[in-house]
Amino acid sequence: QLQLVESGGDSVQAGESLRLACAASGVGLANYAIGWFRQAPGKEREAVSCIDNLGADTQYLDSIKGRFTVSRDNAEDTAYLQMNDLKPEDTAVYSCAAALWLCGDPKSDFFSWGQGTQVTVAS
């Protein structure tokens with residue numbers, strides 16, 4: 001059974017960078033797209049980025065385009081979210097989840113959610 005664990009969250013100042021990792025265990029990542037999601041206090045969860053199983057297709061939330069980059073290393077069964085020029089509005093719990101092959105509907109196609117990692121950006 002696929003299990004995902006996020007890491008890399010931290011408290012940083014605005015303008016700084018973080019790299020989040022989403023590590024798989026139980027089953028290899030090669031057949032799964034990985035989606036990154038975030039949820040800020042009092043807000044609904046939103047889809048931030050996604051990368052398909054081969055890394056050929058990547059998708060980004062408009063507000064993070066040009067600042068965040070999603071990538072993956074199937075040999076290491078890990079996906080990454082590089083976050084640059086962080087802003088206070090990026091503060092949230094970031095989670096990863098899997099979808100079969102392609103980046104599907106963020107509301108229905110993702111499963112094996114990780115526990116999340118906290119990102120806090122101070123102004």
Side-chain angles (χ1 to χ4, degrees):
Q1 184 174 352
L2 177 65
Q3 293 182 316
L4 301 175
V5 177
E6 304 91 341
S7 62
D10 205 346
S11 296
V12 297
Q13 296 294 313
E16 294 185 341
S17 299
L18 285 173
R19 188 175 79 155
L20 305 183
C22 173
S25 63
V27 177
L29 265 185
N31 292 335
Y32 300 98
I34 294 297
W36 285 97
F37 300 80
R38 68 185 181 186
Q39 187 166 20
K43 296 187 177 181
E44 291 189 356
R45 184 172 62 199
E46 63 179 352
V48 173
S49 185
C50 184
I51 184 167
D52 73 2
N53 68 311
L54 297 179
D57 176 49
T58 56
Q59 299 175 9
Y60 296 96
L61 180 69
D62 283 347
S63 63
I64 59 93
K65 283 182 180 177
R67 299 190 296 122
F68 291 12
T69 303
V70 64
S71 63
R72 64 188 296 149
D73 183 341
N74 284 350
E76 296 294 328
D77 290 325
T78 303
Y80 302 95
L81 186 67
Q82 177 67 43
M83 306 187 297
N84 298 330
D85 189 24
L86 282 159
K87 304 177 184 300
E89 52 264 40
D90 295 320
T91 295
V93 175
Y94 285 72
S95 301
C96 63
L100 193 59
W101 304 110
L102 303 176
C103 294
D105 185 336
K107 293 187 181 298
S108 61
D109 291 344
F110 287 84
F111 52 88
S112 296
W113 293 83
Q115 84 289 349
T117 186
Q118 177 71 47
V119 172
T120 302
V121 185
S123 58

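Bear in mind that the values here come from a model prediction, so they are computed numbers and not experimental data.
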Please tell me whether Tyr60 and Leu102 are part of a single hydrophobic cluster in this structure, the criterion being side-chain heavy atoms less than 4.5 Å apart. yes
State yes or no: do Phe111 and Val5 share one hydrophobic cluster built from I, L, V, M, F, W and Y residues joined by side-chain heavy-atom distances below 4.5 Å, directly or via other members?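 Cluster IDs for Phe111 and Val5 differ.
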Which pair of non-hydrogen atoms, one from [X] and one from [Y], has the smallest distance, and what is that distance?
X	Y	answer
Cys50	Phe110	SG-CZ, 3.9 Å
Leu100	Tyr32	CD1-CE2, 4.0 Å
Ala98	Leu2	CB-CD2, 3.4 Å
Pro88	Ala14	CD-CB, 4.2 Å
Cys22	Trp36	CB-CZ2, 3.5 Å

[atom1] of [X] to [atom2] of [Y]: how many Å apart, nearest 0.5 Å?
X	Y	atom1	atom2	result
Ile34	Tyr80	CD1	OH	12.0 Å
Leu29	Cys96	CG	SG	8.5 Å
Ser11	Gln118	OG	CD	7.0 Å
Leu86	Phe68	CG	CZ	5.0 Å
Gln13	Ser123	CD	OG	8.0 Å
Leu18	Met83	CG	CE	4.5 Å

Are any of the side-chain heavy atoms of [X] and [Y] separated by less than 4.5 Å?
X	Y	value
Phe37	Val93	no
Gln82	Asn84	yes
Asp90	Ile64	yes
Asn74	Glu76	no
Leu20	Thr117	yes

Looking just at side-chain N and O atoms, do Asp73 and Thr78 make a donor-acceptor pair shorter than 3.5 Å? no
Applying side chain to side chain donor-acceptor pair (under 3.5 Å), run through Glu89 and Thr91 and close with a yes or a no. CA-CA 5 Å; Glu89 52 264 40; Thr91 295; over 6 Å; no
Is Asp62 salt-bridged to Lys65, cutoff N-O under 4.0 Å? yes
Can you pull out every side-chain hydrogen bond (donor to acceptor under 3.5 Å, both in side chains) where at least one residue sits in residues 47-57? Sequence neighbours excluded, please.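 Only Asp57-Gln59 qualify under side-chain hydrogen bond (donor to acceptor under 3.5 Å, both in side chains).
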The complete set of side-chain hydrogen bond (donor to acceptor under 3.5 Å, both in side chains) pairs with one or both residues in residues 93-115, sequence neighbours excluded, reads Arg38-Tyr94
